[in-house]
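Report on one structure; see the data block that follows.
We number each residue from 1, following the sequence as shown. First listed ligand is number 1; within each ligand, the first listed atom is number 1. These numbers come from a predicted model, not from an experiment.
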Amino acid sequence: MNDEGRFGQYGGSFIPEILYTSQQQLLKAYREAMSDNDFVQLVKSEMQHFSGRPTPLTFCENLTKKLGGAQIYLKREDLNHSGAHKMNNVIGQGLLAKRMGKPRVIAETGAGQHGVASALVSARLGLDCTVYMGAHDIERQYPNVFWMKQLGAKVVPVTTGAATLKDALDEALRDWSSSYEDTHYLIGTSCGCAPYPEMVAGFQSVIGEEVKEQSMAQFGKYPDRIYACVGGGSNACGVFLPFLDEAAELVGVEAGGRGDAPGDHAMRFNTDQARFGIAQGFATKFLQNDQGQLLPTHSISAGLDYVGVSPILADLEEQGKVRMCSASDTEVMEAFSMLTKYEGVIPALESSHAVAGGLREAAEMSPEESIVISISGRGDKDIFNIAKALQDEPFNEYLESYLKEEVA
Ligand SMILES: *Cc1c(COP(=O)(O)O)cnc(C)c1O
């Protein structure tokens, strides 16, 4: 990355004039913090004692035997506190906010996972926390809203536009424009203006660093291929970037949804509906129509339906250093069931995209080769969506009878 935060033609900082000073302050504070060994050790210590790192690298003996191809390993980000890799980033940025002397953080959230992670870390670090969330997402993801409130965060419903993630992001930027003196904007993925893509990818790189050590210790070499699902791109950046100079092939899996038509998927690479654009403070590949209006998206997983993608990944894909494939909603449910039934690991629907991509290709590889699949989060949060997709009648009956029960 250069000083303007460009990655090839992507990235940069396209923000209102009023945010320029705080953006420059953040850039400087981040660079200084990362060259201060005490800060780096503090981040490491919080990741260990609050989130439970290092997370294991788990061998899948049953699926490896069944498919008869590459040795299959899982990087278990689902075992982080709060159940996803989001924790790595909020710990880093939360500690950075404190170091900058900012007592308040704001965050945008789509499905609510980043909102909950921000609320958790704010409670621990004594920060005041406000989360912007689309009104439509609040309806769909109420359990996460419930936890944010229990943790003492303020949840602000956003009713503009489609009332989803990109609208929440715009609203958070608006807040920051008038509050930057005492407020840090805690972005949840490796998108947005510089230095966010670099910073979030930096805090997430602990994933790939651990995979390097663990693969050497457990099977004596680096994996031949690494798979990660790609929403905004933070778990993918985290597991890929430490391997950029190695032989491992890096494979991103985006949301193929229910079809190729506009609005039915969230593919930014395997489609001709996405191209270069500037929105939400940065340049990247956005799904857009001929007039440049951002398109609606769909995915069975709430965390993979962002309309843009990390400028780091857009650039790496263009350079041929990352390969992008996709998995449809149907393939994702099959992959979810395979991992659950054969390995006893319940992946998030987002992570099940990476599982779908990995299992599809592992079968074609040789037993001398090995792959690592990033399990970005656990599936417990998806119980309602999974029950619906599997048309599990007993679960729906349970929900109905639970509501009728008297409060004791
Ligand atoms: C938020 C989320 C994602 C998508 O975010 P990235 O920035 O693309 O990693 C993927 N998996 C889980 C479990 C999530 O919570």
Between Glu77 and ligand 1, which part of the residue brings a heavy atom under 4.0 Å of the ligand: side chain, backbone, both or neither?
neither
Establish, yes or no, whether the cationic atom of Lys212 lies under 6.0 Å from the six-membered ring centre of Phe243 and within 45° of the ring axis.
yes
With the threshold set at 4.0 Å, does a side-chain nitrogen-carboxylate oxygen contact exist between Arg31 and Glu198?
yes
Answer side chain, backbone, both or neither: which part of His114 comes under 4.0 Å from ligand 1, heavy atoms only.
neither
Any nitrogen or oxygen of Gly232 lying under 3.5 Å from a nitrogen or oxygen in ligand 1? Just yes or no.
yes
May I ask which of Lys381, Lys86, Glu350, Gln113 has a heavy atom nearer to atom 2 (C) of ligand 1 than the others do?
Lys86
Can you tell me if Tyr342 has over 12 outside heavy atoms packed within less than 6.0 Å of its OH?
no
Give me the ring orientation class for Tyr196 and Trp176: parallel if the planes are under 30° apart, tilted from 30 to 60°, perpendicular past 60°.
perpendicular
Modelled atom types, side-chain donor and acceptor of Tyr227 and Glu361, under 3.5 Å
yes
Candidates Ala255, Ser376, Gly238, Gly233; heavy atom nearest atom 8 (O) of ligand 1 found on Gly233
Run the numbers for me: atoms of ligand 1, each under 4.0 Å from some heavy atom of Cys229, listed by number.
10 (C)
Can a donor-acceptor pair be found between the side chains of Ser376 and Ser374 at a distance below 3.5 Å?
no
For ligand 1, which atoms have a heavy atom of Gly303 less than 4.0 angstrom away?
4 (C)
For Ser234, take its heavy atoms, then give the atoms of ligand 1 lying under 4.0 Å from any of them.
6 (P), 7 (O), 8 (O), 9 (O)
Sub-4.0 Å atoms of ligand 1 with respect to non-hydrogen atoms of Gly377:
13 (C)
With rounding to the nearest 0.5 Å, note down the distance linking SG in Cys60 to CG in Leu67.
10.0 Å
Within a distance under 4.0 Å of any heavy atom of Gly231, pick out the atoms of ligand 1 and give their elements.
8 (O)
